[in-house]
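Contents: one structure, followed by commentary.
Heavy-atom basis, side chains included; hydrogens, waters and symmetry copies ignored.
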Amino acid sequence: MYIWKRLMPFQGKTRSPFSLFAKINLLIVVLFIPILIMYTYSNNVTYDVVSKELQISNTKQLTFLSSQIDSRINQMMDFSLILSRDPNVRAFNGLNMWDDRYDRMQTRYVIQEKMTLQTGVTDIWPTRYAVHSQQNKDVIANYNQTTGYDEEYLKKNMSGRWTYGDQGTASQDELNSFYWFYTDSLAQPGMLTGSNLVIEASFSYENIQNMLDTYKAGGQGDPFLYHKGNSPILNRSADKQLSAELIQYLDTHSPEDTTQDVVKLNGKNYLVSSVKSTYLDWHLVDVIPLYQILKPISLSQNLFYTCMILLLVVGISASILLYRNVQYPIKKLIKGLRRVEQGDYSVRLYSKNQNEFSFLFRRFNDMSHQIQDLIENVFHEKIRAREATLKQLQAQINPHFLYNCLGYIINMAQMKDEQAVVSMAHNLSAYYRYTTRMERETSSLQEEIKLLINYLDIQKLRNGRIEYHIDIPEDMLSQSVPRLMLQPMVENSVIHGVAKSYSSGEIRITGERLNGFGRIYIDDDGPGLSPEQYEALNLKMQEPLQEEMGCGLWNTYQRITHLFGSHSYLLFGPSPLGGFRTEIIWEIPKEDTDSDKGSTDMN
C-alpha cells in the first residue's frame with residue numbers, strides 16, 4: 001500500500017512515452033532539414049555554374065569551327081572571283097581568232113595549274129574548280145569531268161548561292177558535295193547571255209567530315225552539319241542512333257542562328273548547340289552528353305544523400321532502441337498503474353531483459369498482488385452483504401398486493417360469487433406458492449411467465465378493463481433468470497399505466513433473442529411519461545437506492561446486473577401502444593447458449 005501511494009501522484013505527472021519518442025524523431029528530422037536545404041542549394045548553384053560555363057565554352061568552340069568552315073568557303077569564293085579575272089581565263093572564254101593549237105593547250109594548262117595549286121594549299125580541305133566557257137562551249141576542270149560542257153547544267157545550278165547535292169543524279173539519302181557558280185555577267189542569276197564565263201567551285205562532304213573529326217578529337221561532343229530536308233553530314237565516329245533521334249527533334253524544332261537547348265534523349269540529358277553557317281545556310285550542331293559531364297556532381301550529390309539517409313536511419317534506430325529499452329518499459333509501467341487505478345488489480349508486468357526495469361516490474365507485481373488480495377477479501381464481504389439485502393428485498397416484493405386480494409375475496413364471498421372467489425383463491429395460492437420458494441434465486445423464464453399469468457388474472461378479476469397478450473419464443477422459455485424479474489415490471493404497468501386511465505387496459509409482453517442477448521418488452525397503453533422523466537428514471541437505476549424511489553424496479557435492475565454482468569440492464573421509454581415500455585436486456589450465459597444449440601441439434 002505504501003508503494004501504491006507513492007506511485008499514484010507520479011502517474012499523473014508523467015508524460016506520454018510515445019509523444020517523447022515522436023519528439024526525438026521529429027528533432028532528428030528537423031536537424032537534417034537545414035543541412036539538406038543548404039547542400040541542395042549549393043549543389044544547384046554549382047550545377048548551374050558548370051552548366052552555364054559548359055554552354056558558353058561549347059558555343060565558342062562551335063562558333064570557331066563554323067568560322068573556320070566559312071573562312072575556307074570564303075577563300076574558295078575569293079579565288080573564284082580572282083580566277084574569273086585572270087587573263088588566261090578570259091582568253092579561254094574569248095573568240096578563237098587563232099589557229100595555233102599550242103597556244104590553246106598552253107592556256108588550258110596554265111588555268112589547270114592555277115586551280116591545282118589552289119587545291120593543294122591544304123590537305124584537310126581539298127577543293128574542285130571548273131571554268132565553263134559559254135562562248136567556246138568548253139570547260140576546264142582540275143578533276144576528271146566526263147560530261148563536258150553542259151549549258152542546261154549551268155542554267156539549273158546558277159542560283160548565286162551554295163547548293164548541296166550531286167546536281168541531279170544521286171538520291172537524297174546519299175552524301176554529295178557543295179557547289180557554287182560564279183559569273184561576272186550583269187544579268188540575273190541563271191541567265192546566260194551567250195558569252196558568259198562561269199566559275200564552278202565545289203568541295204566534297206568529306207571536307208566537312210574532316211573538320212568535324214578534328215573538332216570532335218579535341219572535345220566531348222558529337223558534331224554534325226544539319227539542314228532540314230537533306231541528309232545530315234555526320235562525323236566518321238558518330239553515334240548514328242543518337243544522331244537520328246536528335247535529327248527528329250530538330251525537324252520539329254527548327255533551330256535559329258544560334259541555339260542552345262537541353263534535350264532529353266533515351267531518358268538522358270544532352271546539351272544541343274547549333275550555329276548557322278553564313279554561306280552554306282546549314283546548321284553546325286554539337287550534342288554533348290550533359291549527364292556524363294555532370295556525372296561527378298551527381299555522384300557526389302547521391303553519395304551525400306545516401307550518407308544523410310544512413311545517418312537518418314541510424315538516428316531513428318537509436319531512438320527506437322531508446323524507446324524499446326527505456327520509454328516502452330516506462331509506458332508499460334504507466335499503463336499498469338492506470339489499470340490499477342481503474343480497479344484492475346490482476347494486471348502483471350513482465351520483462352524479457354534483466355535490467356532495472358525488470359526489478360521495478362517485480363516490485364509492481366508484488367504490490368498489485370497484495371492490493372488484489374485485500375480488495376478480493378473486502379469484495380467477498382460486500383457480496384455476502386448484498387445477497388442478504390437482495391433476499392430481504394425479495395421478501396418485500398412478495399406481499400405487496402396481498403391485502404387487496406384478500407379484500408376482493410371477502411367482497412366476492414359476500415356477493416355469493418363463488419366462481420370469482422375460487423378463481424382469485426386459485427391464482428393467489430399459485431402466486432404465493434411461487435414467491436415464497438426462497439431456496440433458489442433463479443428460475444426458468446417459463447415459470448416466470450406462469451407467475452405473470454396468475455398475477456394478471458388476479459388483476460383482471462379486480463379490473464375488468466385489463467387485457468394482456470404474452471408472446472415469448474419457445475427457445476427462450478428455458479432460459480434461467482432471477483426470480484420475480486418480470487412481476488415488478490408488469491405490476492408497474494398495472495398500477496401506473498392501466499389504473500391511471502379509464503380508456504387504457506392493454507398489456508403486451510413480448511420477447512426475442514438477438515446477438516447473444518435476451519430481450520423482454522413490457523408495454524402498456526397508459527399515459528406514459530415525458531422524455532425528461534424517462535431520462536431521469538433511467539439515471540436513477542444506476543444510483544444508490546433512495547427513500548423516494550420505489551424498490552421494485554431498482555431491485556430488479558440490481559439483481560439483473562449482479563447475475564448477468566454489467567452488459568445487462570433495464571431501459572424505460574415510450575411504448576408503441578402509446579404508453580410506457582420497459583425493456584429487460586440481459587446477456588445470455590455461454591453455457592445456456594451451448595445447451596440450446598445442443599437441444600436444437602438433437603431435435
| said: Would Arg363 and Phe361 count as a cation-pi pair here, with the cationic atom under 6.0 angstrom from the ring centre and within 45° of the axis? | reply: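 The answer is no, since Arg363 fails at least one limit relative to Phe361.
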As an exercise, state the distance from [atom1] of [X] to [atom2] of [Y], rounded to the nearest 0.5 Å.
{"X": "Ile233", "Y": "Arg236", "atom1": "CD1", "atom2": "CZ", "value": "11.0 Å"}
{"X": "Leu62", "Y": "Leu65", "atom1": "CG", "atom2": "CG", "value": "6.0 Å"}
{"X": "Trp282", "Y": "Ser274", "atom1": "CH2", "atom2": "OG", "value": "14.5 Å"}

| Pair Lys137-Glu151, salt bridge (Lys or Arg N to Asp or Glu O under 4.0 Å): steps then yes or no | CA-CA 8 Å; Lys137 308 298 182 184; Glu151 190 165 337; 2.9 Å; yes
| message | Run the ring pair (Phe, Tyr, Trp, His ring centres under 6.0 Å) test against Phe224 and tell me which residues pass, sequence neighbours left out. | response |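 Phe224 satisfies ring pair (Phe, Tyr, Trp, His ring centres under 6.0 Å) with no other residue.
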Test your reading of the model: is there a side-chain donor-acceptor pair from [X] to the backbone of [Y], 3.5 Å cut-off?
{"X": "Asn136", "Y": "Asp138", "result": "no"}
{"X": "Ser67", "Y": "Phe64", "result": "yes"}
{"X": "Tyr129", "Y": "Ala141", "result": "no"}
{"X": "Ser177", "Y": "Ser202", "result": "no"}

| query | Salt bridge between Asp286 and Lys216, side-chain N to carboxylate O under 4.0 Å? | reply |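 Salt bridge flag = no for Lys216 with Asp286.
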| Does the pair Asp281/Arg161 count as a salt bridge with the N-to-O cut at 4.0 Å? |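 Looking at Asp281 and Arg161, the cut-off is not met.
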| query | Of the non-hydrogen atoms in Phe92 and Val139, which two are nearest, and what is the gap between them? | reply |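 The answer is CZ-N, 4.0 Å.
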| task | Establish, from distance only, whether the side-chain atoms of Tyr279 and Asn74 form a donor-acceptor pair under 3.5 Å. | result |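 Judged by distance alone, the side chains do pair up.
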| said: Quiz question: by atom type and distance under 3.5 Å, do the side chains of Glu245 and Tyr270 form a donor-acceptor pair? | reply: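 On atom types as modelled, these side chains do not qualify, holding no pair under 3.5 Å.
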| request: Test side chain to side chain contact (heavy atoms under 4.5 Å, CB included) on Leu284 and Tyr226 and set out the steps. | output: CA-CA 6 Å; Leu284 190 61; Tyr226 165 79; over 6 Å; no
| Test item: Tyr205 and Leu234 side chains (from C-beta on) under 4.5 Å apart, heavy atoms |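 With C-beta onward as the side chain, the pair stays apart.
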| query | When the ring centroid of Trp162 is compared with that of Tyr179, is the distance short of 6.0 Å? | reply |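 No, they do not, as the ring centres are separated by 6.0 Å or more.
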